[in-house]
Structure formats: C-alpha cells, structure tokens
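Here the structure comes first, spelled out in structure tokens, and everything after it is commentary.
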Protein chains: 2
Amino acid sequence: MSVTFRDVKADLLDRIARGALRPGSLLPNETDLAARYGCARATVNRAMRELAEEGIVERRRRAGTRVRMAPVRQARFAIPLVREEIEAQGAQYRHDLLCRELLAAPDWLAGRLELAPGAEVLHLVCLHRADGMPYQHEDRWINLAAVPEARGADFAATGPNEWLVARLPFSSVEISLSAVAADRALAGTLGCAEGDALFRAERRTWLRGAAITLVRLTWRRGHRMTTRY
Amino acid sequence: MSVTFRDVKADLLDRIARGALRPGSLLPNETDLAARYGCARATVNRAMRELAEEGIVERRRRAGTRVRMAPVRQARFAIPLVREEIEAQGAQYRHDLLCRELLAAPDWLAGRLELAPGAEVLHLVCLHRADGMPYQHEDRWINLAAVPEARGADFAATGPNEWLVARLPFSSVEISLSAVAADRALAGTLGCAEGDALFRAERRTWLRGAAITLVRLTWRRGHRMTTRY
DNA sequence: TAGTGGTCTAGACCACTGA
DNA sequence: CAGTGGTCTAGACCACTAC
C-alpha cells in the first residue's frame, strides 16, 4: 500500500498536536518530505494544502510552510433547509404563509439590495413549525425584476426558501448572524415574550451581480447553531 | 497557456449560474470534460472536487456528479482572536482581567467537559475593549489537569484566549452560536441593559481526547458575525 | 536569483456502487 | 460488473518572493 495524502496529513497533524512541530516552526519543504515519507511530491502537496486551507499551517512561496502561531479558527456551519433541520430532529414539518404582498421596495431595502428606486418586490412572511410549534420565522423580500416567476408562485404549498433554492442557482451569498430582541410581532408569531433574545440569520443572495432576495430567519428562543471539527 | 483548474471551475460555475446546468442535472464524467476542455483529467478532478467541497455539486462513484438541488449547505465563518477582530476595525485593543479563581469544577462544568468529580479548574473572566469601550466578555474555565502551566500564568498581560492559543496546539473543537439575554452581571460589564439580546459563542476544546477549556464569548449589543461567498 | 510552493500532464491502479 | 470518481506517480514548467 502506498503512502496517501491522508497518512501524511495525519502524521503532520499528530506532530503538531504532540508539540514536535511548535507554532511558528518551519516544516521541511515538499521535496524533502516526499523523500522522507516515500511518496510523490504531489501527495505531500495535497496534504499540506489541506492543512493550509484548514488554517493549521501557513504557506508562502520561497518562505516555506510554517505552523501558524494562532491557528485561524474558521468554523463551517451547516445551513440546512428548515424543513430538513426540523425533520432531522424527528419532528413534523409544516409552514404557514402569514403575509404575501406586492409593493415598491422601501428605501432601506432598495439600499440593502442595490435596487432601482421604486423596484417592485414581493414580501413574504412565513412561519415554519416543528410538530405544530413555532420554530422559525422567515421574513423575505424577493426582487421581482430578477425573479418574475415568483409573482405567481404558490408559497403556501412550498415555502419561499425551498421554492427559490429549487429554481435558482446562486452566484454570491452573504450571511450575517446576530442576536435580536423579539419585537411585538415576532413575539406573537414565535410564541415568546417581547424582548426575548432570539438568534437570527440574515442572508442576501445575488445571481450574476443582480440581487435576488433578502431574507431574515429568526429562530424560536434557545436555538443554537453548532459545529465540530 | 494551458487550461487551469480555475478555468474549468469558473466555467462550470458559470454554466450553473446561467441555468445551462440545472439543479439535479448530471455533469459529464471527468474523462469527457477533460477532453472537452483540452486538459488532463486531474485538472477537471480538482475543479469538481472543489465545487463538491463548496457544496455546489454532489459526487458519487459510479453515479457521477450532479448539481445539488439545494446548494450551499454550509458557510465558513472566521473565528479570529478578539485582538485581531478589534484591531481590524481600526480600534485600540485592551483587556481587563475581572476574575481569577481556582476551584473544584462545579457539576455542570464537569459534565460539559467530562472532568473527574472535583477536578481543579481555573476560572477566568475577562473584558475585551475596543477604544476603551466594552467589546467582548470572555468567561473561561481551564482544566488544570490538562494545562498545569495555566496556574501561574499572568493573564493580565496576555488574555486567556491568546495565551492558550499560542501555547497549545489544537485537536478538536466544538463551537455553538446562540442569542442570550444579558443578565445583571453581563449588562453591567458590557454596558447594556439587563435583558438585552447578545450574541454568544460557546467553545469547547480538546487536545488528544482531554478537555482543555470551555469558554463563553459574549459580544456587546449589535454584534454580527458575517461571511460572504 | 535561487528556492519554494503552485499547477499541469499522462498514465496507472483501485474502491466503490448503481444499473 | 462496468463505469465513475479517488488517488498516486514521476516529471515538468512556472510564479513568486525572500534573501
């Protein structure tokens, strides 16, 4: 059996974890490591490239590869469809369409999505339920110039998120996580007290430079977004 | 100039964005694509592998490569050191050590970190400031059995986070994001009202199976964690 | 300017798994 | 059981940049 890039990566990680390779120290170059491990340079390259992507080491041409002083802790969080998130918990999924209105984009929205003044948008509010209990509040604005088919879509049958995701590719996304205090409307819908701290994700999506949608997802009290690595 | 994996990746992404490759559709196999692009199969492989890592396509042996029905199931967030986060905003960093106590792990903590009953831990509370204003509250517990040197460390000079990160390699981390209501202590420290919604990250860290530390980072009101892709 | 990583190539073998 | 992706190899050229 030949030496795989996983072997190399695991060994390097182990050396780092055991302290044999300390933060800031220089690793041998790819050619030397390949010789030491008895594999091709490409194999070492892939191992080290992945370690660099994960923020464990830092690579620079000519300067070589070093163990990072402060490993860049970057976490990957899964952003599942609400339906899947709920069903994964073994609960029954259901959603209600609370609001559907066609209007000219308010100024704040036009600003956030770089829309022409007065652009027509579709505003949808949706409540996603787990076993009948409020789970997530979805407040969405769709740029109708970019997605004209949304005008006639039946969002009572399929939630706006799933509808968009199944229909449109994407090109660029921005996600912003924060904590918000429940206002009266949110509190009423999600069944919590006004002022309660709620977890929110705001997502803006573009397709080839044109804004498609802005959505604010607010989870019920106590929601956590977790990841391990 | 030869065809690079970036060229291939960009072209595939473009086809997906333009709708030529719709969600769920099957892409040609690597050999065919290599022929079409006039490059080696390894080049196509790298392009498609990266698209798969990014959640754009889904690859299965024998079944081939498909455009994902629900793209982008994951987002990467950077978890920088507070100091860097603050300095990146052009503000002056400073921190105060508010509490330092040595004690036996309370039950809830022993449970969370899988510690032996009565294990000795170091409890630290630290306030990180940006231009003098409260920015982030750090509430940390360190397992002294795993990190005995922490007993004598000067956390007034270097914050606990930076101290640990510079000294210890990593092996396993769990991060959990949530929204919490400010209790009296947090409100006082961060200079907000009691009950205000605050963004929190809780992180547990292990080194080769042994729990090192549990930390709760709570940001000042209005903090957002943002990522783009 | 020399040494490092970045990438491509052409060929090969293999593991997996869906038709 | 045949076709797909997964990976390794050996060699090559090149871009970048620290020295």
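Chain naming here is simple, since letters A, B, ... match the order of the sequence lines and numbering starts at 1 in each. These numbers come from a predicted model, not from an experiment.
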Spacing of B:Glu162 atom CD and B:Arg83 atom CZ [to the nearest 0.5 Å]: 4.5 Å

Should the pair B:Phe77 and A:Phe77 be assigned to parallel (<30°), tilted (30 to 60°) or perpendicular (>60°) ring geometry? perpendicular

Crowding at CZ, A:Arg221 (>12 non-hydrogen neighbours, <6.0 Å): no

Could you work out, with side-chain contact (heavy atoms from CB on, under 4.5 Å) as the rule, every residue matching A:Glu53, not counting sequence neighbours? A:Arg49, B:Glu53

Categorize B:Arg41 for me: base, sugar-phosphate, or nothing, with a 4.0 angstrom heavy-atom threshold over every strand shown. base

Test item: side-chain donor near acceptor, B:Arg224 and A:Ser178, under 3.5 Å: no

Both A:Ala42 and A:Thr65 contact DNA chain C. Which one's nearest nucleotide lies toward the 5' end? A:Thr65

When rounded to the nearest 0.5 Å, the distance separating CZ of A:Arg6 from CG of A:Asp11 is 15.5 Å

Check whether any side-chain heavy atom of B:Leu27 lies under 4.5 Å from a side-chain heavy atom of B:Leu12, and answer yes or no. yes

According to ring-ring contact (aromatic ring centres under 6.0 Å, His included), who are the partners of B:Tyr93, at least two apart in sequence or on a separate chain? B:His95, B:His128

Rounded to 10°, the angle between the first-five-pair and last-five-pair axes of the helix from C:dT1-D:dA18 to C:dG18-D:dC1 is 20°

Salt bridge (Lys or Arg N to Asp or Glu O under 4.0 Å) partners of residues 26-36 of chain A, not counting sequence neighbours, each pair once: A:Glu30-A:Arg41, A:Glu30-A:Arg59

Contact boundaries on DNA chain C for chain A, cut-off under 4.0 Å to non-hydrogen atoms: C:dA2 to C:dT7

Interface polar pairs with nucleotides 17-19 of chain D, N/O, under 3.5 angstrom:
none

A:Phe199 vs A:His223 aromatic rings, parallel, tilted or perpendicular, using cut-offs 30° and 60°? tilted

